Amino acid sequence: MRAARLIKMVLLLQSRPSMTAAELARELEVSERTVARDVLALSEAGVPVYADRGRAGGYRLIGGYRTRLTGLGRSEAEALFLSGVPSALREMGLADAASAARLKVSAALLPELRDAATGAAQRFHLDAPNWYQEPETPALLPAIADAVWDDRRITARYLRKDTEVERELEPYGLVLKAGVWYLAARTRGDYRVYRVDRFSAVEFGGADERSGADEGTGADEGSGADDSGQAGTTGRTGASGGRFLRDESFDLPAFWAERATQFTRSLLREEVVLRLSERGVLQLPYVTERMAAREAIEAAQAAGGSDAHGRLTVTLAVESAEVAYAQLLALGPEGEIVAPSGLRERFAAAARRTAALYT
């Protein structure tokens with residue numbers, strides 16, 4: 001632990017002209033007294049750390065000292081490719097690896113380029129969750145992320161409606177969508193999608209296909225799972241059992257795009273016919289499912305377009321009449337429900353109640 005901290009201190013000092021004891025303590029998450037002891041240890045080891053006295057003083061490396069401890073490890077290199085999404089890194093337990101990777105890259109850069117990381121961070125930021133939604137990190141996300149990185153088979157308990165089911169999964173990838181984490185996994189020869197926050201327990205194990213073990217032996221060596229079935233704390237580097245042979249042709253972005261489209265279409269099981277004003281045509285994609293709205297508008301325009309009054313009659317796929325009622329009310333006078341009749345009557349009643357408020 002201390003060795004890693006000393007290396008990080010050297011890299012910090014190498015990437016900046018000087019740092020105060022308070023700055024180092026904050027970066028290393030230790031006290032200033034610990035910083036002073038660590039500086040002494042570095043000096044005794046031959047690292048030329050110099051202390052400038054006074055109010056503007058601090059610690060710096062002298063004599064153009066350069067450490068060679070800048071090679072990226074696997075986890076650091078992987079984290080670096082995700083470093084544009086800091087919240088995702090924290091949730092997957094990779095924040096420390098990403099921090100170390102950024103320090104090593106910064107230390108390897110020319111002095112005039114070392115502000116590149118800070119400059120980029122101050123100019124671009126990704127805020128993944130939806131508005132009015134407090135993000136919550138699924139408790140088992142770090143364990144599942146470890147399995148994804150290492151191609152390790154897992155046995156998972158998953159909440160499906162009101163029932164808990166158990167599945168043997170080969171975890172292929174994680175997707176963060178609007179603040180919600182999803183796992184793409186293969187089970188029984190088919191690829192499926194699972195919400196990570198619905199996993200109640202995860203065990204590492206199963207046969208190791210890479211070592212030629214027979215499939216389905218239930219090998220659990222080195223899994224780090226405790227007796228309760230919850231994922232343990234064993235790190236990725238110690239894992240060896242239960243690996244599966246990954247299908248290298250699997251394309252996570254393409255798979256997710258296809259499944260997301262299929263999922264959206266599977267929800268749209270009913271149809272609503274409505275007449276839209278020119279303004280209503282522009283508003284429709286913003287009050288209901290955007291893909292369905294665009295397809296409905298394009299089909300109506302191809303079939304003949306607007307009538308003599310400039311209104312366009314569209315057939316819109318919706319999840320249900322109840323959902324359509326809640327969404328399409330936002331159109332106000334820019335949309336008129338034609339069918340089904342029950343929904344038209346509900347809109348007429350809502351219009352009468354609204355008019356009564358202004359009379």
Side-chain angles (χ1 to χ4, degrees), residues 1 4-5 8 28-29 72-104 126-129 133-159 164-187 192-206 208 219-244 246 250 252 256:
M1 183 69 178
R5 189 174 71 241
K8 187 173 182 179
L28 300 172
E29 299 180 349
L72 292 178
R74 167 175 279 277
S75 64
E76 295 165 348
E78 292 167 339
L80 188 61
F81 286 104
L82 293 172
S83 60
V85 193
S87 59
L89 286 169
R90 285 193 300 272
E91 293 177 6
M92 288 191 292
L94 293 172
D96 290 342
S99 175
R102 285 191 294 268
L103 275 174
K104 290 182 177 183
L126 174 64
D127 186 9
Q133 187 178 74
E134 190 66 29
E136 294 184 5
T137 304
L140 294 174
L141 177 61
I144 293 173
D146 279 351
V148 169
W149 283 120
D150 286 341
D151 297 338
R152 297 186 65 198
R153 188 181 291 106
I154 61 174
T155 300
R157 290 202 290 275
Y158 185 79
L159 297 175
E164 188 175 74
V165 297
E166 186 171 283
R167 293 286 185 269
E168 295 281 343
L169 302 176
E170 295 176 356
Y172 266 67
L174 284 164
V175 175
L176 178 60
K177 170 74 171 178
V180 179
W181 285 96
Y182 296 88
L183 172 68
R186 185 169 62 183
T187 179
R192 298 181 180 273
V193 175
Y194 301 87
R195 277 186 60 144
V196 175
D197 58 5
R198 292 181 183 169
F199 285 104
S200 59
V202 170
E203 276 187 0
F204 297 112
D208 191 342
D220 195 27
E221 183 178 353
S223 69
D226 60 27
D227 292 338
S228 68
Q230 293 287 346
T233 57
T234 300
R236 292 174 51 202
T237 55
S240 59
R243 299 181 189 274
F244 63 89
R246 186 181 183 88
F250 178 78
L252 180 60
W256 176 258

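In this text the structure is predicted, and so the values were computed from the model without any measurement. Along the sequence shown, residues are numbered consecutively beginning with 1.
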- Query: Roughly how far apart are L169 CG and R153 CZ, rounded to 0.5 Å?
  - Reply: 10.5 Å
- Indicate the atoms forming the closest heavy-atom contact of A184 with L252, along with that distance. CB-CD1, 3.9 Å
- Item | pair T155-V202: side-chain heavy atoms closer than 4.5 Å | no
- Message: What I want to find out is whether D151 reaches R246 closely enough, with some N-O distance under 4.0 Å, to be called a salt bridge.
- Response: yes
- Task: Nearest 0.5 Å please: distance from the CZ atom of F244 over to the CG atom of D150.
- Result: 10.0 Å
- Task: Side-chain contact test, heavy atoms from C-beta onward, threshold under 4.5 Å: evaluate it for V193 versus L183 and give yes or no.
- Result: no
- Message: When you compare the side chains of Y172 and R186, does any donor N or O come within less than 3.5 Å of an acceptor on the partner?
- Response: yes
- Do the side chains of R157 and V165 get nearer than 4.5 Å, heavy atoms only? no
- Rounded to the nearest 0.5 Å, how far apart are CD of E170 and OG1 of T187? 8.0 Å
- Are R195 and V180 side-chain neighbours, meaning at least one heavy-atom pair lies under 4.5 Å? yes
- Query: In chain order, what residues pass the salt bridge (Lys or Arg N to Asp or Glu O under 4.0 Å) check against R198, with sequence neighbours excluded?
  - Reply: none
- How are the rings of F199 and Y194 set relative to one another: parallel (under 30°), tilted (30 to 60°) or perpendicular (over 60°)? tilted
- Validate the cation-pi geometry between R152 and F204: distance from NZ or CZ to the six-membered ring centre under 6.0 Å, angle to the ring axis within 45°. yes
- Item | By ring-ring contact (aromatic ring centres under 6.0 Å, His included) - contacts of Y182 (at least two apart) | W256
- If every non-hydrogen atom of P171 is compared with every non-hydrogen atom of A185, which pair is closest and at what distance? CA-CB, 4.0 Å
- Find out whether E203 and I154 are in side-chain contact, i.e. whether some heavy atom of one side chain is under 4.5 Å from a heavy atom of the other. no
- Task: Check whether any side-chain heavy atom of L140 sits under 4.5 Å from a side-chain heavy atom of D197, and report yes or no.
- Result: no
- Message: Is it true that E164 and S200 share a donor-acceptor pair across their side chains at a distance under 3.5 Å?
- Response: yes
